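Report on the structure given below.
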Amino acid sequence: MTITLRVVLIVACGLTCWYTLRKIRKSQMQIEDSLFWIFLSFGLAVVSLFPGLAEYFAGVLGIYSPTNFVFLAVIFLLLIKVFTLTLKFSQLEEKLKRLVQRIAIEEGKRRKAGKTDGWDEENRGGNMDCVTVPGKTGKNNSGVTMEEVETDTMVKVVGIAEAGNQGKPDNRKVQKCGRGGVNSRENKESVFEVYRYIILLFLPHLYVRCAELFFSMPDRVSVLPPCVRRRAV
Amino acid sequence: MRTLVIIPAYNEAENIKKVVDDLITNYPQYDYIIVDDSSKDETAAICRQNNYSFVSLPINLGIGGGVQTGYKYALEHDYDIAVQHDGDGQHDPAYIGQVIKPILDGQADIVIGSRFLEREGFQSSAGRRVGIKFLSALIRLCCGARVKDVTSGFRAVNKKYIRFYAEEYPSDYPEPEAIVTASLNGAKIQEVAVVMRERENGVSSINLKRSVYYMVKVSIAIVICRVTRGRKKINLHTMTTRRDQ
């Protein structure tokens, strides 16, 4: 295993750990669910620190290169993870369905009994964890319309996007339920910001490699599209 | 001081009547709430028949979710103290008074009823005791709370931490983690000695494979809690909090 690969594996381990802990700190991930990622990243670190392990297993399984064994192992673990995720997802759907049906039946009972105190069937907002407050609408840096609300403290229930830039005050009611958590906008965008930085880092290198490849070809003219070819000749 | 006794119950049809009748007749000064965690047996039916105060969860959430429901109930009804009390008959309501005393005196925020302070009564199996000792040392290392019986579900919590637990309570094997999260948020934790009985009827939900998973998961979770939060120390002399990492 080349030294570059080993360094990359250790860096990947560090990044995964750091990122996972960040998500836990923001209450966007439960500790039970993070265990897989922590173990996976430590596994990568172990393999890169002790390449003899990968060589041994590659020999036993008849794989030519230890690097290929690392790939196989990671793919295998990911398959397991996807399978357990599918299981969990199915169970969640079932639980959600039961909960929804239960709520609907209870609401029906209350309506029949003629009382709706504390539980507003039509607005479905009478919940101890959520409060309605007036919010300001405005556009943030990317030009996306967002609601600006003050964040409350530790609640981690379903939330509406917070933060945003100054905008005109608006009397529209907004439900604020806390920061972070399942639905927060920052949760959806932050995954991509990592990829953005990685791609930006590699772009000049990619450009140089493509140029190198192109100029090293003896028959480079034939690779060009017809309109450019006509001008070149 | 209004006190709520939270009784989580999952498939405790044989024990629940004894436990709750004892509580109602001998200790009427405490309010109670049974949290029926979607039991498959007649627990809910028994509660309904005897007109107990209970809440029935539509989906099974586990002990963490059940107890947290009790805390949410306590928060909503504005109780001053909440006491966790198991529904399987292992805990003795006679000790509730002792367990809430340090809170009434203002000496502690959370009080844990410990089997191991005076080593009387049911002491649990040897294997579990080793595991509990290890967790106790780990918790002391990570957050400074000196607790001998970290897995005890017999604990009392004051109003500030009712609100804390109602919002954030671990779901899987929650007892040790709950100590760590509260302690890292400035809780003063004390222990008092209690005597627990052995489980009379029914089956405990812990077996060997689960014990191993339990130890590994709880240990890692405690370390992660410490790493992701830092420590808030309360200076007893000046009663200020300062955060250090």
Side-chain angles (χ1 to χ4, degrees), chain A residues 14 16-42 88 91-107 109 117-119 126-131 151-159 177-181, chain B residues 37-38 44 55-62 64-65 68-69 71-78 142 160-174 176-178 180-182 184-186 210 212-230 232 245:
Chain A
T16 313
C17 274
W18 171 75
Y19 206 63
T20 311
L21 288 177
R22 198 174 115 148
K23 290 300 175 193
I24 294 175
R25 196 196 299 252
K26 285 193 191 167
S27 299
Q28 287 172 356
M29 192 193 254
Q30 294 280 22
I31 294 183
E32 297 92 47
D33 304 321
S34 70
L35 289 182
F36 171 84
W37 296 102
I38 306 247
F39 279 132
L40 181 71
S41 63
F42 273 120
K88 218 172 172 184
Q91 288 169 356
L92 272 179
E93 293 249 302
E94 175 68 25
K95 282 186 186 177
L96 188 66
K97 184 183 73 168
R98 284 200 207 166
L99 194 60
V100 163
Q101 290 164 341
R102 169 101 252 132
I103 289 182
I105 292 179
E106 290 295 323
E107 279 178 348
K109 279 192 207 166
D117 51 291
W119 187 269
N127 185 308
M128 64 172 121
D129 282 320
C130 288
V131 198
T151 26
D152 206 350
T153 49
M154 301 183 276
V155 183
K156 64 168 172 173
V157 203
V158 172
C177 301
R179 94 169 71 172
Chain B
D37 200 3
S38 187
V55 164
S56 191
L57 297 173
I59 294 175
N60 177 273
L61 292 181
Q68 190 182 17
T69 309
Y71 283 120
K72 286 190 155 131
Y73 184 90
L75 182 66
E76 191 152 296
H77 290 87
D78 207 26
C142 284
K160 179 173 174 208
Y161 289 94
I162 289 178
R163 170 171 286 264
F164 175 73
Y165 279 152
E167 285 165 354
E168 183 183 318
Y169 196 75
S171 49
D172 233 3
Y173 305 113
E177 250 183 281
V180 177
T181 50
L184 290 174
N185 267 278
R210 281 205 206 152
V212 173
Y213 168 74
Y214 174 87
M215 284 298 303
V216 169
K217 184 252 168 183
V218 172
S219 314
I220 296 184
I222 291 173
V223 171
I224 292 181
C225 273
R226 172 68 179 90
V227 166
T228 51
R229 267 165 227 259
K232 256 197 198 146
Q245 285 275 79

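Every value quoted in this text rests on a predicted model; they were computed, and no experiment measured them. Just so you know, these numbers use all the heavy atoms, side chains as well, and skip hydrogens, waters and symmetry mates. Order of the sequence lines sets the chain letters (A, B, ...), proteins ahead of strands, with each chain counted from 1.
- From A:Arg102, atom CZ reaches atom CG of B:Leu57 across 11.5 Å, with rounding to the nearest 0.5 Å.
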message = Pair A:Ser34, B:Ile220 - check side-chain contact (heavy atoms from CB on, under 4.5 Å), show working.
response = CA-CA 10 Å; A:Ser34 70; B:Ile220 296 184; over 6 Å; no

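- For B:Tyr213, the OH atom is densely surrounded, since the number of other residues' heavy atoms within 6.0 Å is greater than 12.
- When every heavy atom of B:Asn60 is checked against every heavy atom of A:Lys95, the shortest pair comes out as O-NZ, 4.0 Å.
- Residues B:Glu177 and A:Ile31 meet the side-chain proximity criterion, which asks for heavy atoms closer than 4.5 Å.
- Here B:Tyr173 contributes atom OH and A:Glu32 contributes atom CD; the two are 10.5 Å apart, rounded to the nearest 0.5 Å.
- Side-chain atoms of B:Pro58 and A:Ile103, non-hydrogen and from C-beta on, never get closer than 4.5 Å to each other.
- Applying the side-chain contact (heavy atoms from CB on, under 4.5 Å) test between A:Arg25 and each of B:Val227, B:Thr228, B:Ile224 identifies B:Thr228 as the sole match.
- With a threshold of 4.5 angstrom between heavy atoms, A:Leu99 approaches chain B through its backbone and through its side chain.
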